[in-house]
Amino acid sequence: MHAMSFFNKSRIADLLAIVISSLMFSSAAMYNEFPFVFNSDTGMYMDAVKRGMVGPDRPILYGLFMKFASFGISLWCVVFVQAILVSVVLFCCFRYFLEQKAPAQTLRSRLPFIGFCATVSFFMGGSFLSSWLMPDVFMPVLLLCMGLLLFTPLKLADKIMISLLALLSLGMHNANPYICLIILVVIAFAAIFKAVRRSYIRNGLGVARILYCLSLIVLSQLLLGLLHYNYGGSFKSSKGGSVFLMGSLVEMGVVKQYLDENCQHKSYFICAYKDSLPRNFLWNEKSPIYKNGGWENNEKEYAAIAKDILTTPAYLKLVVAGSLKASVRQFSHYATGEAYSPWPKVSRALGENYPKDYQAYKRSRQFTGRLDFAFVNYSQTILFAGCMLFYVILLLDKRVADRYKWLMLYILLGLIINAWFCATFSGVFHRYQARLIWLTPLPLFLYVMNNNVFKRDRAAKL
């Protein structure tokens, strides 16, 4: 009897909607005829788990996720699991952000949910992101989870599920906890304005919710540190921070000026290469990083250089100017489809770890150079521009409910901070902003859906 009540028509319809949306979020992999891989990174995640060692530049968690989500069967399973996770958190957004007053309205939320998933899967980068064997998909998942925890009164079971998913997402990439932390700090400091504080109170956004999200960030880093310690690393949640920053400072041109002015009285290894620093400093095989034994051997030296630069006013001004300029560039760099011809390391790692998938991988559009994302990027640009226009209109409209305004501002804040953080500490790459840009239509879908619901509701009463 209990099982029958659980699997009622409403729950079956919910599951069906999630299955349909998951298939749409997997459609890019179907188009490619195999999950997408990225340069050597996908192979590095596989190798880290196979060796049982934490790499110098990334957490091991996504490698473990791929191992377990593949179920020892195929990398296709990883794509489907990622698509399901994205679908579930989006479904929660439609369920909780809509001001639903009756069961009938709950039922009507499924079609707009499927419509949104279709829009971002076929006309934006949502499906590509879910179909990519990279941890990038967990940044939008994290942003949505934190949005739900901050702005909606979740039921206990859903709060536990969303919190666990947030913990998982926080540990997937070095940047995720920092971006999330900065967003929370901005939200907290915004409360100094009386109008903002009143709106927070009306919408239930109090200190407790912010502290709860902060506690998830702290807990995630402790758990990740334990995981890394277990795999033979030190008790650190992230590594390679100074090397990433060094790469960004090289791209800004600050390191070249610093070395020109300081190498005469500094004995840094990199001084021998100050006149031949490659632009792609982090990954170029001819970079001084790899001529001096790799990331770990250079971390101490690069940390000292970065500290000297950031504590010297003349260089700090250059960094601030370079950071602002790079952030603007990053905000407008969001092309989907950064899936180039796979590097040999990916092919080797995939062949060793997933031999049953290897032939399908070699027949894929990516491997054979038959990918084309021109249409998706064209439509994505139009949709993003349209979303920004409607954001301005709705944010200025006093009739629009606070919850939709806060969701728009929250996603916009996420885009801005993501652009600043990635551009400043890593560099300007399309994939950093592309992982979040497809979320911009979400508040508009929710607002239109809610508006239509109440129009129908009023019409029914008449």
Side-chain angles (χ1 to χ4, degrees), residues 39-41 44 54-59 173-179 181-182 185 221 228 233-331 333 416-433:
N39 292 354
S40 64
D41 293 44
M44 292 169 74
V54 181
D57 58 342
R58 67 197 69 219
H173 194 278
N174 288 331
N176 291 8
Y178 295 106
I179 291 172
L181 177 62
I182 297 168
V185 170
Q221 299 311 288
H228 285 176
S234 56
F235 188 78
K236 287 184 178 180
S237 58
S238 61
K239 301 173 72 175
S242 61
V243 183
F244 275 112
L245 179 57
M246 187 72 168
S248 184
L249 294 174
V250 168
E251 191 170 323
M252 293 179 192
V254 182
V255 170
K256 177 67 168 67
Q257 182 172 333
Y258 172 84
L259 295 178
D260 284 343
E261 296 174 359
N262 290 274
C263 276
Q264 55 187 351
H265 54 271
K266 299 277 188 180
S267 57
Y268 292 131
F269 176 86
I270 197 174
C271 285
Y273 303 92
K274 66 183 181 66
D275 295 320
S276 58
L277 298 174
R279 184 170 180 79
N280 191 7
F281 184 78
L282 294 179
W283 313 114
N284 192 312
E285 293 180 356
K286 297 180 180 179
S287 172
I289 298 174
Y290 306 106
K291 293 180 179 179
N292 190 34
W295 286 52
E296 292 184 60
N297 285 0
N298 290 283
E299 198 161 358
K300 187 175 180 180
E301 177 175 301
Y302 292 175
I305 293 173
K307 181 181 178 181
D308 204 5
I309 288 173
L310 295 176
T311 54
T312 304
Y315 298 128
L316 182 59
K317 289 180 182 178
L318 295 176
V319 174
V320 171
S323 172
L324 291 174
K325 187 185 299 184
S327 299
V328 173
R329 286 180 57 222
Q330 181 64 80
F331 190 86
H333 278 61
I416 292 170
I417 291 175
N418 179 75
W420 170 79
F421 187 89
C422 294
T424 301
F425 295 99
S426 181
V428 178
F429 298 95
H430 281 283
R431 72 182 182 92
Y432 290 147
Q433 204 69 356

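For this chain, numbers begin at 1 and follow the sequence in order.
With a 4.5 Å cut-off on side-chain heavy atoms, Leu259 and Asp275 do not count as touching. Using a 4.5 Å heavy-atom threshold, the side chains of Ile305 and Lys266 count as separate. By the 4.5 Å heavy-atom criterion applied to side chains, Ile270 and Leu277 are counted as neighbours. Annotation: side chain of Val54 is not in contact with side chain of Pro59 (no heavy-atom distance under 4.5 Å). Taking 4.5 Å as the limit, every side-chain heavy atom of Thr312 sits out of range of all side-chain heavy atoms of Tyr258. Counting heavy atoms from C-beta outward, Met246 and Ile289 have side chains that stay 4.5 Å or more apart. Contact annotation: the side chain of Tyr315 never approaches that of Leu249 to less than 4.5 Å [non-hydrogen atoms, C-beta and beyond]. Contact annotation: the side chain of Leu245 never approaches that of Tyr302 to less than 4.5 Å [non-hydrogen atoms, C-beta and beyond].
The local environment of NZ in Lys325 is sparse, with at most 12 non-hydrogen atoms from other residues, nucleotides or ligands closer than 6.0 Å. The 12-atom threshold is not exceeded at NZ of Lys307, counting heavy atoms of other residues, nucleotides or ligands nearer than 6.0 Å.
With rounding to the nearest 0.5 Å, the separation of CE in Met252 from OG1 in Thr424 is 5.0 Å. With rounding to the nearest 0.5 angstrom, the CG atom of Asn262 is 9.5 Å from the CD atom of Gln257. How far CD1 of Ile417 is from CD1 of Ile179: 8.5 Å, rounded to the nearest 0.5 Å. Taking CD from Gln433 and NE2 from His333, the interatomic distance works out to 10.5 Å, rounded to the nearest 0.5 Å. The line from OG of Ser267 to CD of Glu301 is 8.0 Å long, rounded to the nearest 0.5 Å. Distance CD/Glu261 to NZ/Lys274: 10.5 Å, rounded to 0.5 Å.
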Check: Are Val255 and Phe281 close enough, and set up right, to give a side-chain contact (heavy atoms from CB on, under 4.5 Å), and what steps lead you there?
Finding: CA-CA 11 Å; Val255 170; Phe281 184 78; over 6 Å; no

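A distance-only check finds a donor-acceptor pair linking the side chain of Ser327 to the backbone of Ser323 [under 3.5 Å]. Ser426 places no side-chain N or O within donor-acceptor distance of the main-chain N or O of Phe244, the cut-off being under 3.5 Å. No donor-acceptor distance shorter than 3.5 angstrom exists from the side chain of Asn292 to the backbone of Pro288, with no hydrogens or angles considered. Using modelled atom types, one side-chain atom of Ser248 and one backbone atom of Ala423 make a donor-acceptor pair closer than 3.5 Å.
Ring geometry for Tyr432 against Phe429 counts as perpendicular: the plane angle is over 60°, on a 0 to 90° scale with 30° as the lower cut. The aromatic rings of Phe421 and Tyr178 lie parallel to each other, their planes meeting at an angle below 30°, with 60° marking the opposite boundary.
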